[in-house]
J.: 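Okay, handing you the structure first.
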Amino acid sequence: MSDLASKTILFVGLGLIGGSLARALRERNPAQKLLATDTDQSALDAAMQQGAIDRVGSLQQLAPAADICVLATPPLALIDLIPEVASLCPAHTVFTDVGSVKSHVLPAIDAQTETFAGNFVLGHPIAGSEQSGFQAASKDLFKGRKTILCPLERNSTAAIAQINEFWRQVGADVIGMTPERHDQVLAATSHLPHLLAFAIVDVLLHQEQSDDIFRYAAGGFADFSRVASSDSTMWSDIFVANAQATETVLDDYIDALRSLKESINSRDRAALREVFNRAKQTRDRFIHNHYQGNSLQTVSDNLITFKTAPGGTISGSLRVPGDKSISHRSVIFGALADGITKVSGFLEGEDALKTVAAFREMGVTIVGPDKGEMTIYGVGKEGLQAPRIPLDMGNSGTAMRLMAGLLAAQAFDSELFGDESLNSRPMGRIADPLLTMGAAIETDSDGTPPLKIEGKKLRGTQYDMPVASAQVKSCLLLAGLFAEGTTSVTEPAICRDHTERMLKGFGYTIEGGYPGSTVSVQGGQRLAAASIDVPADISSAAFFLVAASIAPDSDLLLEHVGINPTRIGVINILRDMGAAISFENQQEVGGEPVADIRVKSSRLHGIEIPKDQVPLAIDEFPVLFVAAACAEGETVLRGAEELRVKESDRIDAMATGLKTLGVEIETFPDGIRIVGGKFGGGKIDSLGDHRIAMAFAVAGLRAEDAIEIVNAQNVATSFPGFASLANAVGFKLTELAV
Ligand code: S3P
């Protein structure tokens with residue numbers, strides 16, 4: 001739990017940011033010991049008078065008492081200050097800064113002792129105002145705003161956790177970036193706009209009769225130039241400190257201005273409109289997302305329609321995004337581990353990003369994901385902080401069910417909710433066994449979310465799962481890590497075993513597991529940070545396996561796909577149907593088998609799908625139904641009632657859609673019968689289910705007419721960039737924002 005309350009905090013610089021931090025901390029904890037030094041004596045006097053600070057003085061006087069030292073000065077002043085605070089503060093002092101530029105500080109930090117470098121955690125609140133000085137300071141400045149931490153590998157994880165907690169206590173949402181990325185992002189989003197504002201005011205000032213210009217300048221000018229009222233010392237420092245990144249983006253801007261000037265010069269109305277339209281749409285979307293208060297911008301807030309054109313051949317090679325199941329678990333285990341976990345190939349889809357956001361809310365510092373790379377600064381098994389808000393699990397059943405097991409065992413309470421689809425999915429399957437472990441977990445009266453969880457000390461259990469569900473198994477194993485004694489789970493049929501494999505990878509001893517049907521964990525061990533290479537998701541690859549099988553003259557290579565034996569039902573079933581699928585370059589990466597998969601067109605025939613393959617292909621049935629619709633003869637699936645409680649009722653959703661296309665279908669409570677043959681086009685509602693939308697996009701390859709798939713926005717939950725990747729290998733898919 002937080003021990004911030006007992007710390008003495010020293011502010012070096014009591015301007016807008018330092019002053020606002022002091023006010024925010026004072027409001028949270030009137031007894032917090034706050035010290036400040038500043039070159040502006042009037043700021044210190046005002047702060048003392050208002051009781052915002054307990055003690056003011058010189059750095060020499062105050063530094064020895066500092067547990068946390070906040071350097072809230074302009075970026076260049078920071079460089080000179082670092083050796084001073086390094087020599088004056090005790091070895092245990094933890095440091096953070098608030099500067100808008102990061103990379104330039106690194107040499108100054110590295111020139112100090114290793115202990116100092118270990119304790120200096122770079123931070124930057126994305127909050128501020130064109131006003132400056134202590135008189136403008138506000139206790140609410142950071143509430144709901146982001147603070148970017150740029151942790152370094154040489155930082156101690158304890159120092160990172162402390163500084164994370166510091167920013168959370170003032171109301172900030174803490175995110176992580178590398179210093180280089182931070183400086184690039186800020187150059188584009190903050191530094192360039194400030195430069196333009198300063199420049200435009202200055203340009204107008206130098207026009208003839210500038211008085212007149214300013215007299216008549218209306219809203220547009222005021223809006224655009226607001227930040228030109230910012231502090232000139234700070235901003236000249238920023239451009240000197242971040243010269244390289246700002247120059248790069250400034251060059252792009254100058255090019256854009258030149259091109260606009262040319263369009264004006266040639267009276268090219270269409271070119272101007274194109275740029276303005278694009279900019280308007282982008283800004284409207286940004287404002288919409290921003291003011292919904294989402295710390296995670298959710299692409300699926302905007303409706304998307306897919307349109308397919310008939311025909312196509314699938315060829316080339318591609319790597320689909322990272323495995324969703326492994327991505328979720330990499331965040332969970334990385335957060336709970338001691339040390340720094342590095343992940344590559346992480347799925348940057350909305351589902352996995354919800355898990356990232358949830359751990360951030362619980363005080364875990366996570367850098368990225370950026371092009372699949374992510375670094376998680378583990379807080380250890382007891383290090384999670386109570387979330388300040390209910391946690392949004394979006395569309396993700398995996399996130400909600402796994403998190404529920406973990407949260408049931410914490411020393412704090414929490415609440416989980418989801419979107420419309422998730423809020424109607426069954427949670428009794430996890431709540432019931434968790435209750436037998438001593439958990440206090442409440443669902444809605446019909447067993448659906450939201451989940452209200454009271455953190456409890458749990459005891460082990462022996463649970464025979466009535467359904468083969470890896471989510472239920474994983475939920476209980478996660479709870480079992482914290483429970484007293486042994487937690488054993490027995491599955492009625494083999495289901496995915498990523499939790500078991502990854503626990504081992506994080507140094508946690510488990511007993512049993514695949515190919516056996518019972519797995520046990522003993523509570524109380526610790527997890528050690530690991531390196532994770534997330535393979536491409538076989539569930540996403542499945543759309544292309546079917547696409548290349550059904551489209552004529554196809555030959556496709558899917559790279560680095562996870563072929564865990566508990567996941568390859570789709571390949572087993574397609575091979576049974578006559579598909580030409582082969583593995584190349586098989587290897588084991590971080591405990592998971594991986595291969596490049598080659599798939600060529602083939603004549604598929606209908607089969608009776610073996611029941612033992614159902615849990616092994618549970619997410620792939622929507623697209624397997626499309627394969628069945630293209631196969632000769634009929635395909636029958638039984639024993640798959642689980643499909644009715646996925647992101648949609650997938651039996652109904654697929655049956656309705658396939659019937660619309662003219663496919664002969666019969667449904668059962670636990671399955672479907674599909675008669676293969678020719679089919680046409682039509683309008684399909686994917687019901688917001690990502691896999692239904694992508695399955696019908698695949699059907700478009702063999703449909704005799706165009707298919708329009710509405711409600712396809714949730715494709716972003718598991719497969720961001722699906723349409724462009726699909727088109728790159730031969731789909732004829734248009735994605736429309738509606
Ligand atoms: C998953 C398990 C499966 C699967 C889901 C991911 C997991 O759900 O459908 O997409 O990561 O554990 P069930 O456990 O409900 O079968």
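Each ligand, and each atom within it, is numbered from 1 in the order the structure gives.
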J.: Output yes when the distance from some N or O of ligand 1 to some N or O of Ala470 is under 3.5 Å, and no in every other case.
T.: yes

J.: One thing to verify: whether Asp689 and Arg650 come together as a salt bridge, which I'm taking to mean a side-chain N less than 4.0 angstrom from a carboxylate O.
T.: yes

J.: Where on Lys473 is there a heavy atom closer than 4.0 Å to ligand 1, on the side chain, on the backbone, on both, or on neither?
T.: neither

J.: Give yes or no for whether the N/O distance cutoff of 3.5 Å, strictly under, is met between Arg329 and ligand 1.
T.: yes

J.: If the threshold is 4.0 Å, N to carboxylate O, is there a salt bridge linking Arg673 and Glu666?
T.: yes

J.: Can you find an N or O of Gln471 that's nearer than 3.5 Å to an N or O of ligand 1?
T.: yes

J.: Do the side chain of Ser330 and the main chain of Val343 share a donor and acceptor less than 3.5 angstrom apart?
T.: no

J.: Within ligand 1, which atoms have a heavy atom of Lys646 less than 4.0 Å away?
T.: 3 (C), 4 (C), 8 (O), 9 (O), 13 (P), 15 (O), 16 (O)

J.: So if I count the atoms of ligand 1 from 1 in the order they appear, which ones are less than 4.0 Å from some heavy atom of Thr398?
T.: 1 (C), 5 (C), 6 (C), 7 (C), 11 (O)

J.: Considering only heavy atoms of Arg496, which atoms of ligand 1 have at least one such atom less than 4.0 Å away?
T.: 1 (C), 2 (C), 4 (C), 6 (C), 7 (C), 11 (O), 12 (O)

J.: Do the side chains of Glu642 and Arg429 get close enough for a salt bridge, i.e. N-O under 4.0 angstrom?
T.: yes

J.: Could you go step by step and tell me if Leu336 and Leu406 meet the side-chain contact (heavy atoms from CB on, under 4.5 Å) rule?
T.: CA-CA 10 Å; Leu336 296 177; Leu406 170 66; 3.6 Å; yes

J.: Going by the atom numbers of ligand 1, which of them fall below 4.0 Å from some non-hydrogen atom of Asp619?
T.: 4 (C), 5 (C), 9 (O), 10 (O)

J.: For the side chain of Lys456 and the backbone of Ile441, is there at least one donor-acceptor N/O pair under 3.5 Å apart?
T.: no

J.: Any heavy atom of His328 closer to ligand 1 than 4.0 angstrom?
T.: no

J.: I'd like to know if Asp619 pairs up with Lys324 as an ion pair, taking the criterion as any Lys NZ or Arg NE/NH1/NH2 lying under 4.0 Å from an Asp or Glu carboxylate oxygen.
T.: no

J.: Check ligand 1 against Ser325 and write out every atom of the ligand that is under 4.0 Å from a heavy-atom position of the residue.
T.: 1 (C), 6 (C), 7 (C), 11 (O)

J.: Ignoring angles and geometry beyond distance, decide whether Glu642 reaches within less than 3.5 Å of ligand 1 through its nitrogen or oxygen atoms.
T.: no

J.: Does a side-chain N-to-carboxylate-O contact under 4.0 Å join Glu620 and Arg567?
T.: no

J.: At their closest point, which heavy atom of Met400 faces which heavy atom of Phe417, and how far apart are they?
T.: CE-C, 3.5 Å

J.: Which of the numbered atoms in ligand 1 are under 4.0 angstrom from any heavy atom belonging to Ile618?
T.: 9 (O)

J.: Starting from atom 14 (O) of ligand 1, what is the nearest protein heavy atom, named by residue and atom, and what distance separates them?
T.: Ser469 OG, 2.6 Å

J.: Quick one: does Ser474 get an N or O within less than 3.5 Å of an N or O on ligand 1?
T.: no

